[in-house]
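Model, not experiment: these values are computed from the prediction. For ligands, and for the atoms within them, numbers begin at 1 and follow the listed sequence.
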Amino acid sequence: MVEMRLQAGRVRGLDRGSTLAIAVSKGRILSEFRTLLDRMEIKCAEDPETSRSLVIPLKDRGLRLVIVRAADVPTYVEYGAADLGVAGKDVLLEYRGEGFYEPLDLDIARCKLVVAGKAEPLPRAGRLRVATKYVQTTRRHFAQKGDQVEVIHLYGSMELAPLVGLADCIVDLMDTGNTLKANGLVVLETIAEISARLIINKAAMKMKNTAVKALIAELAKALDQTATDRNLAL
Ligand code: PRT
Ligand code: MG
C-alpha cells in the first residue's frame with residue numbers, strides 16, 4: 001500500500017517542474033533527432049541509447065523524452081501521454097486516429113515506401129498478392145489505382161515473401177536499396193517519400209501553447225540551419 005502510494009507519487013512527480021513530454025523511438029529516429037537537439041544546445045540528462053530508463057529528462061529545458069516503439073508514438077500523442085512525438089510518415093499514414101497536428105517535417109530518417117518484387121513481370125491472372133506491414137496504406141494505394149489486391153499482413157522480413165511464393169510483391173521501406181538487392185528484388189513503384197514528422201497532441205497545443213510554439217520555432221530554426229549548412233557544403 002505504502003509502496004503503491006510512493007509509486008503513484010513518483011509518477012505524478014514526473015510532471016512537476018517539467019512542461020513537455022516528447023515521445024520518440026530508439027534507433028535511427030532518436031539518433032537523428034538528437035543531432036537536431038544538439039543544434040538547439042539541448043542535452044539529455046542521461047544517454048538514451050545506453051540507459052534502460054524510458055523517461056529521459058533533457059537538461060534545463062523542462063522537456064523529457066519518453067522512449068516508445070516507433071509504431072506507438074501516435075498513440076501516446078493522441079491520448080496525451082506525450083505532448084509531442086517524432087514519428088515516421090509511414091507510421092502516420094498507417095495510423096487511424098487523428099488526435100494530433102503534424103506541423104513540421106523534421107527531414108530525418110528519410111526513406112521511400114515502395115512496391116518491390118522480382119525482376120520479372122507480375123502475374124496477369126488473378127488477384128495480386130501483396131505482403132506488407134503497412135496494410136492500410138497498401139490497401140489505399142492499390143484501391144486508388146483501381147487494382148484489386150489481396151493484402152497479406154506480415155510483421156517483418158517482408159523481402160522473403162516473394163522468394164518463397166507467399167506473395168507476388170511487397171510494400172516496404174527502402175533506404176539504400178541494399179536489402180532489396182541482396183534478395184534479388186527491384187523497385188516496381190514508389191508510393192511515398194518518407195521522413196520523420198513532429199506531431200502534437202491537440203489539447204497540448206491549446207493548454208501549453210506558449211511552450212509548444214516556442215519548441216516548434218526552435219526546431220524550425222535548427223532545421224533551417226541544417227539546410228543552410230548542407231547547401232554551403234555542396
Ligand atoms: O525496429 P522496431 O521493430 O523496433 O520498429 P521499427 O522498425 O518501426 O523502427 P525503426 O527504428 O527500424 O524505424 C523507425 C522509422 O525509421 C521508420 O518508421 C521509418 O520512418 C524510418 N526509416 C528510415 C526506416 C528506414 N529508413 C529503413 N531503411 N525504417 C526501416 N528501414 C528498414 C527497411 O524496411 C529495410 O528492411 O531498413 C531495412 C534496410 O533498408 P535499406 O534499403 O537501406 O537496405
Ligand atoms: Mg526496424
Side-chain angles (χ1 to χ4, degrees), residues 22-37 44 47-56 65-78 81-82 84-97 100-119 130-138 140-141 151-164 166-167 169-200 219 223 226 230:
I22 308 170
V24 60
S25 56
K26 271 194 191 179
R28 69 187 97 213
I29 287 193
L30 179 57
S31 65
E32 293 191 41
F33 186 57
R34 283 186 78 191
T35 309
L36 269 180
L37 292 179
C44 296
D47 183 357
E49 293 298 346
T50 52
S51 168
R52 285 176 179 269
S53 173
L54 297 175
V55 180
I56 311 274
L65 299 180
V66 182
I67 308 296
V68 305
R69 284 292 290 269
D72 290 335
V73 169
T75 308
Y76 276 77
V77 175
E78 169 154 24
L84 305 99
V86 180
K89 186 67 183 175
D90 52 316
V91 167
L92 298 177
L93 286 171
E94 196 63 16
Y95 190 69
R96 278 184 257 198
F100 46 77
Y101 302 112
E102 189 194 312
L104 217 51
D105 182 344
L106 296 173
D107 199 25
I108 57 175
R110 295 199 71 92
C111 58
K112 290 177 200 283
L113 185 67
V114 302
V115 183
K118 290 197 256 183
V130 190
T132 188
K133 79 174 186 187
Y134 300 101
V135 172
Q136 308 304 329
T137 313
T138 299
R140 247 189 342 255
H141 172 72
V151 179
I152 301 173
H153 188 186
L154 293 180
Y155 290 89
S157 302
M158 262 76 78
E159 300 84 4
L160 185 61
L163 307 183
V164 296
L166 176 61
C169 60
I170 62 172
V171 168
D172 195 9
L173 298 176
M174 179 194 81
D175 178 18
T176 60
N178 291 341
T179 307
L180 291 181
K181 204 170 162 194
N183 290 289
L185 301 178
V186 295
V187 175
L188 303 174
E189 200 182 348
T190 297
I191 298 179
E193 297 286 337
I194 303 293
S195 56
R197 312 297 165 98
L198 183 73
I199 57 170
I200 301 181
L219 277 164
L223 284 171
T226 310
R230 199 183 297 140

* Check whether any heavy atom of Lys133 sits under 4.0 Å from an atom of ligand 1. => yes
* Could you tell me whether a side-chain N or O of Ser51 sits under 3.5 Å from a main-chain N or O of Pro48, the two making a donor and an acceptor? => no
* For atom 9 (O) of ligand 1, which of Ser31, Gly27, Ala70, Ala109 has the closest heavy atom? -> Ala70
* **Numbered atoms of ligand 1 (with element) below 4.0 Å of Gly88, judged on heavy atoms** => 20 (O)
* Structure fact -> Heavy-atom proximity to atom 41 (P) of ligand 1 ranks first, among Thr176, Val114, Val73, Ile194, for Thr176
* **Per-atom contacts, ligand 1 versus Asn178 - under 4.0 Å to a heavy atom** => 42 (O), 44 (O)
* **Atom indices of ligand 1 within 4.0 angstrom of Met174 heavy atoms, with elements** => 42 (O)
* To do: Using heavy-atom distances, let me know which of Arg110, Arg28, Lys26 sits nearest atom 12 (O) of ligand 1.
  => Arg28
* Asked: Heavy atom of Gly177 under 4.0 Å from ligand 1?
  -> yes
* Would you mind listing which atoms of ligand 1 come within a distance below 4.0 Å of any non-hydrogen atom of Thr179? => 38 (C), 39 (C), 40 (O), 41 (P), 44 (O)
* Which option out of Arg69, Glu94, Glu159, Glu32 puts a heavy atom nearest to atom 36 (O) of ligand 1? -> Glu159
* Measure the shortest side-chain to side-chain distance between Leu180 and Val186 over non-hydrogen atoms and say whether it is less than 4.5 angstrom. => no
* Asked: Shortest non-hydrogen contact from Ile67 to Ser53?
  -> CG1-O, 4.3 Å
* **Identified side-chain contact (heavy atoms from CB on, under 4.5 Å) partner of Leu104 from the options Ile200, Leu84, Leu198** => Leu198
* Quick one: list whatever passes side chain to side chain contact (heavy atoms under 4.5 Å, CB included) with Arg69, sequence neighbours left out. => Asp72
* To do: Heavy-atom contacts with Val91 under 4.0 Å: which atoms of ligand 1 show up? List them by number with element.
  => 18 (O)
* Give the single entry among Leu113, Asp90, Asp175 that approaches atom 18 (O) of ligand 1 most closely by any heavy atom. => Asp90
* Taking side chain as C-beta onward, heavy atoms only, is Asp107 less than 4.5 Å from Thr226? -> no
* Should Cys111 be listed as contacting ligand 1, given a heavy-atom distance under 4.0 Å as the test? -> yes
* Asked: Which part of Asp172 is near ligand 1, with near meaning a heavy atom under 4.0 Å away: side chain, backbone, both or neither?
  -> side chain
* Asked: Asp172 versus Tyr134: any side-chain heavy-atom pair under 4.5 Å?
  -> yes
* Asked: More than 12 non-hydrogen atoms from neighbouring residues, nucleotides or ligands closer than 6.0 Å to OH on Tyr76, yes or no?
  -> no
* Asked: With a 4.0 Å cut-off on heavy atoms, is Lys89 touching ligand 1?
  -> no
* Asked: Are Lys133 and Glu94 within salt-bridge range, i.e. N to O under 4.0 Å?
  -> no
